[in-house]
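Report on the structure given below.
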Amino acid sequence: PQALPDDLNRTADASPVRTLSEEAGVRMMEAIDQAKEEGDTLGGVFEVVVTGLPVGLGSHVSWDCKLDARLAGAVMSIQAIKGVEIGLGFEGARRRGSGVHDPIVLHESASRSGGFLRSSNGAGGLEGGVTTGEPLVVRGAMKPLSTLMKQRLPSVDLRDGSAQSAATERSDVCAVPAAAVVGEAMVAIVLADAILEKFGGDRMEELQRNLEGFMATVGPREPDK
């Protein structure tokens, strides 16, 4: 996978289609321009990546408390989103277990996950409904906009039941970059709730102190001697 830049937001903001790859951005814009010329619309997939999360956000206990379920519901609530993936998502169903599961290794740099790292991140930063300390990776699949400029879809006139063509009006060609911003906001809301549930407090100073206290209890494991 592509290495993440130090400042994800700044890099995404620099692209008109919010992609980390300049080459991919050019191809995306060419596809959008072509669809516009043909009076058509395009959907696509956006990806939200969250780094720096502590281990243990969420819950493994109840279906409505699992963080992956809450994230999926939040992203699916966005207009025109028809699918959600976490980590490998549907790709994981096509592989054998040896090509999906993330080996656990000790590493002193993994301060947010008790000294443990995954040597891969197929799970997308979530296992058993809780965060692992790895980057959280959530994707949303957006369908194309339904208003077409030239290829008018068949419809029905509700006044008499006769066959008609759907109305044509001004339409954006692709709203995926805008949906990505909404996706970031929805993921942030879910994570903010999970952080408050775990660490509590009604002031940022108190919240920060509680977080630091928790992190001190999940420090790196020392091997038995």
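Worth saying up front: this structure is predicted, and the values here are computed from it rather than measured. Starting from 1, each residue takes its place in the sequence as its number. Values below: all heavy atoms of this structure, side chains included; hydrogens, waters and symmetry mates excluded.
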Could you grab the distance from atom [atom1] of [X] to atom [atom2] of [Y], nearest 0.5 Å is fine?
| X | Y | atom1 | atom2 | answer |
| --- | --- | --- | --- | --- |
| Glu127 | His60 | CD | NE2 | 13.5 Å |
| Ile86 | Leu136 | CD1 | CG | 7.0 Å |
| Leu67 | Leu191 | CG | CG | 6.0 Å |
| Arg139 | Leu88 | CZ | CG | 7.0 Å |
| Leu145 | Cys174 | CG | SG | 7.5 Å |
| Thr132 | Asp102 | OG1 | CG | 7.5 Å |

Checking the side chain of [X] only, and the main-chain atoms of [Y] only, is there a donor and an acceptor separated by less than 3.5 Å?
| X | Y | value |
| --- | --- | --- |
| Glu85 | Val138 | no |
| Asp7 | Arg10 | yes |
| Thr131 | Gly56 | yes |

Electrostatic pair [X]-[Y], nearest N-O below 4.0 angstrom:
| X | Y | value |
| --- | --- | --- |
| Glu184 | Arg18 | yes |
| Lys66 | Asp68 | no |
| Arg27 | Glu23 | yes |
| Arg118 | Glu134 | no |
| Lys36 | Glu30 | no |

Item checked: Within-4.5 Å side-chain heavy-atom neighbours: Val50 and Leu53 ->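 They are in contact (side-chain heavy atoms under 4.5 Å apart), so the answer is yes.
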Discussion item. So Ser120 and Pro103, do their side chains get closer than 4.5 Å, heavy atoms only?
Written reply: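 Yes, at least one pair of side-chain atoms sits under 4.5 Å.
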Distance-minimising heavy-atom pair for [X] and [Y]:
| X | Y | result |
| --- | --- | --- |
| Met186 | Ala74 | CE-O, 3.7 Å |
| Gly200 | Leu207 | O-CD1, 3.3 Å |
| Pro144 | Thr41 | CB-OG1, 3.4 Å |
| Ala24 | Thr19 | CB-OG1, 4.1 Å |
| Leu20 | Ala12 | CD2-N, 4.2 Å |
| Met215 | Pro54 | SD-CB, 3.7 Å |

Is there a continuous path of hydrophobic side-chain contacts, each under 4.5 Å between heavy atoms, that joins [X] to [Y]?
| X | Y | value |
| --- | --- | --- |
| Ile32 | Val176 | no |
| Met76 | Val45 | no |
| Phe199 | Ile189 | yes |
| Val190 | Val130 | no |
| Trp63 | Leu57 | no |

Kindly determine whether Glu212 and Gln208 satisfy side chain to side chain donor-acceptor pair (under 3.5 Å), including the steps that lead there.
CA-CA 6 Å; Glu212 292 172 354; Gln208 183 67 34; 3.1 Å; yes
Can you tell me if CG on Asp157 sees more than 12 non-hydrogen neighbours from other groups inside 6.0 Å?
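Counting neighbours around CG of Asp157, more than 12 heavy atoms of other residues, nucleotides or ligands fall under 6.0 Å, so yes.
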Check your understanding: Got more than 12 heavy atoms from elsewhere within 6.0 Å of CZ, Arg203?
Key ->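 For Arg203, atom CZ is crowded (more than 12 foreign heavy atoms under 6.0 Å).
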- Yes or no on side-chain contact (heavy atoms from CB on, under 4.5 Å) for Phe116 and Val105, after CA distance, side-chain angles and deciding distance? CA-CA 6 Å; Phe116 294 105; Val105 297; over 6 Å; no
Original post:
For the side chain to side chain contact (heavy atoms under 4.5 Å, CB included) test, which of Ile81, Val182, Val181, Val17 pairs with Phe46?
Top reply: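 Single side chain to side chain contact (heavy atoms under 4.5 Å, CB included) partner of Phe46 among Ile81, Val182, Val181, Val17: Ile81.
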### Message
Pro135: which residues meet the side-chain contact (heavy atoms from CB on, under 4.5 Å) condition with it, sequence neighbours left out?
### Response
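Val49, Thr51, Asn121.
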